[in-house]
Amino acid sequence: MARRIDTTLLRDMKTYGAFDIGACFNCGNCTAVCPLSRDTVAFPRRVIRYAQLGQRRDVVASRELWLCYYCAQCSDTCPRQAEPGQFMASARRFALAGFDPTTIARRMYGSVVFTWSLLAAVFAVLLVVLLISSPGWPRGRVTSEALLTFVPYETIHWLGIVVGATALVLLVATAVNMLWAISRAPTPGDLGLPPRRAEVFPLAAALRALRTTVAEVVGQSRYRDCDNDTPAPAAPLPVRRWLVHYAIMMGMVGLVLATVLDYVFKTPGSYVPIWSPARLLGTVAGAALVYGTTVAVVQRLRKADKYSAQSLLSDWLFLALLWSIGVTGFVLELADYATLSSWVGVVFVVHITLAMELILLLPFTKPAHIIYRPLAIWFTEFRRLRSVDRLP
């Protein structure tokens, strides 16, 4: 079947990162050295070929984009210095923008002015909504209860519901677009067997694929494989990329869970000892988040490896938001156990505003891979299991 070549594809993709795929002559070395290339998943040669041939739809629909952890072995061993690892990172951003029905992601990656303007506008709107019903600046010893008088709990509660619901709708919309795209993409090496007449949806295969996905997300086995197979001397454990990534991911998840537990089992603003389950979980998760983001920032500043050698504004914004939320959270925790002056009211408002801004920007920025990667892992395993189950 004849296919139209989109000659503007590579030019458009370079908006999302630096690479030189035009130098690639398809030697296949990148796929040969990749520790994750197996079965029908070819990192990253197939996606590179799609881009060279101007197949925009196939690039966006490639599951390999989200299965890649950018260990950079492909870039280290490329004889043409085409930077295939950086290409894959750029292609992920390109695909994310393609799934976004609002075009906000595309505008953020394409314009620094738009990005800063959007951040400032969202921050200002959230700040006004939080402060518009405030009775005044907190005085005396500032505790959690006093802070929830300064910014009424009802305002935080309902604004949080609106922000969360908005982000959820956008995440669902982008996730549906992603699943629709990758489900229609060709899978080289697929068995091509027709579905069984009585099998509309193989639920057993779907559940087994879900189990594999959960195990990968929790255990990070693929990420650890990437780190362990790197030919360069392994970095010390505290700064290994998989551990830093794990600390950031589990820090985010832990803080969300601690917030939910705090809301369900505790009166807002009331005192709890540091060893209470929700508070202890939040403290440990916050420490993991601050640790992970701090190491990630230092590694990027030092340009310690190919992964951190090139950082876009979106990378810095993501890390800065997470680090700021973690640090301000610890300052607010002190308000329950130490005497703090009224300046902590500023920290309180900034913490809530940044947290809600991060949630709103989640569908358009790097954190969205927390949704896309598990979906890609699940779909890849589901399709493999479905093919195996249909063998005669």
For this session: Would you indicate whether the side-chain heavy atoms of Met88 and Tyr70 approach each other to under 4.5 Å?
Result: no
Exercise. Does any N or O in the side chain of Ser183 come within less than 3.5 Å of the main-chain N or O of Trp180, such that one atom is a donor and the other an acceptor?
Worked result: yes
Exercise. Which one of Thr353, Val347, Val346 satisfies the side chain to side chain contact (heavy atoms under 4.5 Å, CB included) criterion with Val350?
Worked result: Val346
Problem set entry | Phe379 six-ring face occupied by Arg384 cation (under 6.0 Å, within 45°) | no
Seminar exercise, completed: Residue pairs passing the ring-ring contact (aromatic ring centres under 6.0 Å, His included) test with at least one member in residues 78-110, sequence neighbours excluded, are Tyr16-Phe94, Tyr16-Tyr109, Phe19-Phe87, Phe99-Tyr372
Exercise. With the 4.5 Å side-chain cut-off for hydrophobic clustering, are Val260 and Ile325 part of the same group?
Worked result: yes
Problem set entry | Flag, side chain of Arg45 to backbone of Asn26, donor-acceptor distance under 3.5 Å | yes
For this session: Verify whether one side chain among Ser133 and Thr155 offers a donor that lies under 3.5 Å from an acceptor in the other.
Result: yes
For this session: Quick one: pull up CD in Gln55 and CD1 in Ile5 and give me the separation to the nearest 0.5 Å.
Result: 7.0 Å
Exercise. Does a side-chain heavy-atom distance below 4.5 Å link Pro135 with Thr149?
Worked result: yes
Exercise. Is there side-chain contact between Cys27 and Pro79, with at least one heavy-atom pair below 4.5 Å?
Worked result: yes
For this session: May I ask you to test the Gln220-Met249 pair for a side-chain heavy-atom distance under 4.5 Å?
Result: yes
Problem set entry | Short side-chain to backbone donor-acceptor contact, Asp100 and Phe364, under 3.5 Å | no
Exercise. Do any pairs count as a ring-ring contact (aromatic ring centres under 6.0 Å, His included) and have a residue in residues 143-176, sequence neighbours left out, and if so which ones?
Worked result: Trp137-Phe150, Tyr153-His157, His157-Tyr263
For this session: Using atom types as modelled and distance alone, determine if a side-chain donor or acceptor of Tyr291 lies under 3.5 Å from a backbone N or O of Ile248.
Result: no
Exercise. Is any NZ, NE, NH1 or NH2 atom of the basic residue among Lys366 and Asp315 found under 4.0 Å from an Asp or Glu carboxylate oxygen of the other?
Worked result: yes
Exercise. Within a reach of under 6.0 Å around CD1 of Ile132, are more than 12 heavy atoms found that belong to other residues, nucleotides or ligands?
Worked result: no
Exercise. Which atoms form the tightest heavy-atom contact between Gly329 and His351, and what is the distance?
Worked result: N-ND1, 3.5 Å
Exercise. Under 4.5 Å between any side-chain heavy atoms of Arg279 and Pro273, yes or no?
Worked result: no
Exercise. Side chains of Glu216 and Ser221: does their closest heavy-atom pair fall under 4.5 Å?
Worked result: yes
Problem set entry | Flag for Arg107-Thr103: side-chain donor and acceptor within less than 3.5 Å | yes
Exercise. Under a 4.5 Å cut-off applied to non-hydrogen side-chain atoms, are Phe382 and Thr212 in contact?
Worked result: no
For this session: Establish, for the pair Arg300 and Tyr307, whether the NZ or CZ atom is under 6.0 angstrom from the six-membered ring centre and no further than 45 degrees off its axis.
Result: yes
Problem set entry | Any donor-acceptor pair under 3.5 Å from Thr15 side chain to Gly110 backbone | no
Exercise. Side chains of Thr77 and Asn29: is there a donor and an acceptor less than 3.5 Å apart?
Worked result: yes
Problem set entry | Sidechain-backbone polar pair: Ser134 side chain, Leu130 backbone, donor-acceptor under 3.5 Å | no
For this session: Using a strict 4.0 Å threshold on nitrogen-to-oxygen distance, state whether Arg56 and Asp12 make a salt bridge.
Result: yes
Exercise. Excluding sequence neighbours, so at least two apart, what forms side chain to side chain contact (heavy atoms under 4.5 Å, CB included) with Ala376?
Worked result: Trp66, Leu67, Met178
For this session: Decide yes or no for Arg92 and His369: does some side-chain heavy atom of the first lie under 4.5 Å from some side-chain heavy atom of the second?
Result: no
Problem set entry | Donor-acceptor under 3.5 Å (Glu83 side chain, Ile21 main chain) | no
Exercise. Does any donor atom in the side chain of Ser308 or Asp305 lie under 3.5 Å from an acceptor atom in the other side chain?
Worked result: yes
Exercise. For residues Glu333 and Thr283, is any side-chain donor paired with an opposing acceptor at under 3.5 Å?
Worked result: yes
